[in-house]
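Presented below is the structure to which this report refers.
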Amino acid sequence: MKTYDPSKIESKWQEIWAEANLYKTDEKSIKPKFYCLDMFPYPSGAGLHVGHPKGYIATDVSSRLKTLKGYRILHPMGWDAFGLPAENYAIKNKVHPRIAVEENIKRFKSQLKIIGFNYDWDREINTTDPEYYKWTQWIFLELFKKGLAYQSYEPVNWCRGCKTVLSNEDLEAGKCERCGGEVEQRPMKQWVLKITDYADRLLYDLDREDLDWEEQIKEQQRNWIGRSEGTEINFKGNVQKYIEGKVTTADFDIPVFTTRPDTIFGVTYIVLAPEHPLVDELTVPEFQASVKEYREKVKKESMLERTFEGREKTGVPLGLAAVNPINGKEVPIWIADYVLMDYGAGAVMAVPAHDQRDYDFAKKFGLDIVEVIQPEFENERIQATYQAYTGKGTLINSGEFCGITSREAEVYITDWLVENNKGIRTVSYKMKDWVFSRQRYWGEPIPIIHCEKCGAVPIPENELPLKLPEVSGYEPTGTGQSPLANIKEWVNTTCPKCGGKGKRETDTMPQWAGSSWYYLRFIDPDNNKELVDPKKEKEWMPVDLYVGGAEHATRHLLYARFWHKFLYDIGVVSTIEPFERLIHVGLILAEDGRKMSKRWDNVVNPDDIVKEYGADSLRMYEMFMGPFSQSVAWSTNGVSGVNRFLTRLWSWSQSVIKAKEGQSTNSELVLKKTHQTLAKIDGYYESFKFNLAVASLMELLNFLETEAKKQEVIRDDAYTEALRIFLLIISPLAPHIAEELWRDFGNKESIFTEKWPEVDSKLIKEEVYTLVIQVNGKLRDEVTVPIAIAEDEALRQALDLEKVKKWIEGKQIVKHIFVSGKLINIVVK
RNA sequence: GCCCGGGUGGCGGAAUUGGUAUACGCGCUGGACUUAAAAUCCAGUGGUGGCGACACCUUGCGGGUUCGAGUCCCGCCCCGGGCACCA
């Protein structure tokens, strides 16, 4: 008998499939389409570890299933190859990042190939290919033309020691990872995309019925967008200025944003973000030194740490007061780091009685605390003496508004403010505009020319792609600009508009850019005339299934949705959303439960697993190890278990193939169990419960082997059908062994040209079931009953059982609960 | 700190709407085969007590709702992902 040797059959079938173009995307047939997409990898220098292919295996299983079900498949793969690590590697090893990236891609690709994916490699793309990034640049220019790209001063991490901009990744506990020096937040003129213009659409379209996304991902996006309706309230004041020796008084306005206008009578001070542009103007001379010192200190803090709620509060007063528009009361103005410039108006009205951070701040600096909301319950009232009461309630100490509820006050107080021109209703978002500039070499050049006369001018479309120039080194310039700024002959150019002197933009795009539209390129990878052929776009969009890590839940997926909606607005795409169904893949941790990392020396390489156990074992194990979306620790022993299973499948299949023909006595049972598995497994595949799919296949084989031990296997219609179905339903998970046994079985064509089997519902019907008997909710016995058994008959049979009698004896039956198909519970007292 | 997940045997995990807790796999123990080992096959395997039939306990911790809670509610603890320049 042939033995199961994956190393022999897997490479053989991979070659045959490739030669036969089995996985080439079918552009012609009238079959329904299935666009199945993986989040494409960043080809790092470390190569693939076993965690990478988990999601790819899932899309491979899904697309093979859809192939069997009669769909035509688009299942492509490519490389998201711009980015920081390649540039750092280039600096360190003095090689061009392109060379490093090419090597990495080669390695990744060979590692993927031996796992036996059904990718159409003719559609491979690479974001660093000029023919690709031409269109990334094109989209940027369209955004620019529509006013959605603008320049603004945005903070970057600036290391004084290295004289360079640092990524968050390069920081360690707020200090520079390389030199250990201080890092400060330094404003720098950068390109920013107006994603906030799309905030409402990005939010509301999450609720579209045709968007089949996991709720948790949608919820994360909603929170990221952070829409809140509120009121912008204007606090006025005046400041004395000395101009040319004379004292003059100047009025000022401080607009603040609040979602709680009902607490306005409780305002006891105003806090500005330390970066607020009004701070210079509003600081009285005696306080200037302390304000300056405080602002310097805040520069060194990261945004993340500033927002920690339990953190020790800091801040300094400006020495001025502003007037509460509702009661004319003067309140002092402070600056404090817990107020951020980029949320709301960069200024808050502080209500210490009803906001915890304001409360902590007021306690620390001895500011007034005025209670204006009375809680509904007394215990909350008691708590309010040592912490803020942040709930709603009834207004007190609020002038003419006393006695009404918070909900009413939100309407009436805002109405009053609007009528008296002291406030407006407005909406604020947590989501900020997308800072799109990077001061680095290895990214798409931003196709803009700065002209002294004309300002920022886009380069003409026919000059795209604007290629990255070759440079000799990638070291930072020392000024914070990207290495491109050092190439004078590239930077200095002429203005496309006036023909005068112009300078090229030297910042490049973030890595997110190329990945924000790549799913469109796969549809039409060689198109140089337009981004995507509209006909082909309509044929393949939207992506039917998108699989990738949860770490992309907010940024990548929001950026891609934003660009897609923009492309929809300018008529490039025809769907409102790019990804119809989204599933997130859970991490594979190392055997020790930690993340796989070179640092811990716990990385498992898929090549080694394929070599020892075969690709089918790797594929099936990764689908079996746990719920797909959950992170699970790797176990090489687990792989050997799956390998044992495949070996047993091989032997059983061979025994059927070699068996003599005739009529077996257990054919009915064999068919029933096989069809029951078939009925289950379809749902398991569709709902990404691959672990249960594998378990049900194992159960089926356990059953078939047990039957084979009871009596000799005879090749009759039932066994023939059981083997046929078994191979078909396992083929998405383990394509190589399925194909090999399929051909051994006498089939001339590939198993993937076959049709998915249909469930025979007559076969799987059960006539009896096990009725569980409980007394007071505890399991006491069970009995086999006909499926249609009536309640009183079930009760009669239950009460007849010795084990049940024992528990009922001397007690009174209060009632019983009968759940048809499940159990009967007898309640006694 | 904030947002999103998760916590079930020695381990990974299973358990449609609240209805037999521990499917499937790993590991372990004993046995068969073998000169021996590996591989394979057979049997056992949540805990405590008992020779045994059996009984009681058990889903991170503490309460609650219910005939019945891993599942629902309230309050905690612990772990993972994200927090805008890693991708």
Side-chain angles (χ1 to χ4, degrees), chain A residues 39 41-42 44 80 82-85 88 154 156-157 165-171 190 214-224 226 302-311 338 342 356-357 430-435 437-440 510-512 515 549-556 558-559 584 586-587 589 591 593 595 621 624-627 629-642 644-645 647-648 651 683 689 691-692 694-699 702 709 770-779 781-782 803 814-817 819 821-828:
Chain A
M39 288 186 191
Y42 170 76
S44 75
D80 189 14
F82 275 127
L84 194 62
N88 287 341
E154 300 293 333
V156 294
N157 302 312
V165 176
L166 297 179
S167 66
N168 289 342
E169 177 85 346
D170 293 330
L171 302 182
Q190 305 194 74
E214 290 162 282
E215 191 51 41
Q216 50 165 301
I217 305 258
K218 291 203 272 187
E219 193 59 20
Q220 281 185 66
Q221 293 210 350
R222 287 189 194 108
N223 293 334
W224 183 274
S302 74
M303 291 296 158
L304 184 56
E305 58 176 318
R306 278 174 62 175
T307 55
F308 277 28
E309 200 176 277
R311 200 166 164 254
Y338 75 93
D342 45 28
Q356 193 57 43
R357 282 179 295 192
K430 248 189 225 126
M431 183 166 71
K432 297 176 248 171
D433 278 339
W434 175 7
V435 179
S437 290
R438 298 292 182 271
Q439 294 71 40
R440 297 185 203 288
Q511 186 164 25
W512 307 109
S515 60
E551 66 273 24
H552 296 296
T554 47
R555 284 162 303 160
H556 161 61
L558 276 169
Y559 294 150
H584 90 268
L587 276 170
L589 303 170
E591 217 140 354
K595 267 194 180 177
Y621 170 66
F624 180 57
M625 59 195 298
S629 296
Q630 201 173 291
S631 29
V632 184
W634 177 263
S635 155
T636 301
N637 271 331
V639 185
S640 74
V642 170
R644 259 198 291 271
F645 163 77
T647 307
R648 288 196 285 125
S651 312
K689 291 177 182 164
N691 52 332
L692 300 186
V694 175
S696 67
L697 289 168
M698 287 173 167
E699 275 178 77
N702 289 347
K709 270 165 210 153
T770 307
L771 180 74
V772 167
I773 320 290
Q774 295 182 341
V775 178
N776 282 352
K778 285 200 178 224
L779 171 73
D781 206 351
E782 54 187 41
K803 284 183 191 167
V814 181
K815 62 170 171 176
H816 68 272
I817 291 101
V819 184
K822 290 251 156 65
L823 57 76
I824 185 159
N825 184 14
I826 298 158
V827 184
V828 297

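Proteins come first, then strands; the chains are lettered A, B, ... in the order of their sequence lines, and each starts at number 1. Values in this document were obtained by computation on a predicted structure and should not be read as measured data.
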Report yes if a donor N or O on one partner sits less than 3.5 Å from an acceptor N or O on the other, where the partners are the side chain of [X] and the base of [N]; otherwise report no.
X	N	answer
A/Q216	B/rC3	no
A/Q439	B/rC85	yes
A/R440	B/rC85	yes

Have a look at [X] and say if it touches a base, only the backbone sugar-phosphate, or nothing, with a 4.0 Å heavy-atom cut-off.
X	value
A/S437	base
A/V819	base
A/P41	nothing
A/V827	sugar-phosphate
A/M431	base
A/E219	sugar-phosphate
A/W512	base
A/V814	nothing
A/N825	base
A/Q190	base
A/E782	base

Could you please name the partner base of [N], counting Watson-Crick and G-U wobble pairs only when both distances are under 3.5 Å?
N	answer
B/rA55	B/rU48
B/rA43	B/rU29
B/rG1	B/rC83
B/rG12	B/rC24
B/rG75	B/rC61

Taking only N and O in the side chain of [X], is any of them less than 4.0 Å away from OP1 or OP2 of [N]?
X	N	result
A/N691	B/rA14	yes
A/N702	B/rG25	yes
A/K815	B/rC67	yes
A/K689	B/rC24	no
A/R648	B/rA39	no
A/K709	B/rC42	yes
A/N637	B/rG27	yes
A/R306	B/rG1	no

TODO: Identify, between A/E551 and A/Q630, the residue whose nearest nucleotide on RNA chain B lies closer to the 5' end.
DONE: A/Q630
With [atom1] as the reference atom in both, quote the distance from [N] to [M] in angstrom, rounded to an integer.
N	M	atom1	value
B/rG70	B/rG7	P	14 Å
B/rA23	B/rA15	C1'	8 Å
B/rG62	B/rC56	C1'	22 Å
B/rC79	B/rC67	P	38 Å
B/rC2	B/rG63	P	27 Å
B/rC28	B/rG10	P	16 Å

If you check every side-chain atom of [X], which of [options] has the closest atom?
X	options	answer
A/I817	B/rC26, B/rC85, B/rG19	B/rG19
A/R644	B/rG13, B/rG27, B/rA15	B/rG27
A/K803	B/rA14, B/rC26, B/rC54	B/rC54
A/S167	B/rG13, B/rC86, B/rA84	B/rC86
A/F624	B/rU20, B/rC57, B/rC24	B/rC24
A/K595	B/rU20, B/rG82, B/rG81	B/rG81

Check whether [X] reaches the backbone of [Y] with its side chain - one donor and one acceptor, N or O, closer than 3.5 Å.
X	Y	result
A/N776	A/V828	yes
A/H816	A/N825	no
A/N691	A/F624	no

Open item on the list: Going by the glycosidic torsion and a 90 degree boundary from 0, is the base of B/rG31 oriented syn or anti?
Closed with: anti
Task: Beyond-backbone contact of A/E154 with A/D433, side-chain heavy atoms, under 4.5 angstrom - done: no
- [ ] Would you check if the distance from the ring center of A/Y621 to the ring center of A/W634 is below 6.0 Å?
- [x] yes
Task: Considering all heavy atoms, the nearest A/K430-A/W224 contact - done: CB-O, 3.7 Å
- [ ] Fit a plane to each ring of A/W512 and A/H556, take the angle between them on a 0 to 90° scale, and name the class: parallel (under 30°), tilted (30 to 60°) or perpendicular (over 60°).
- [x] parallel
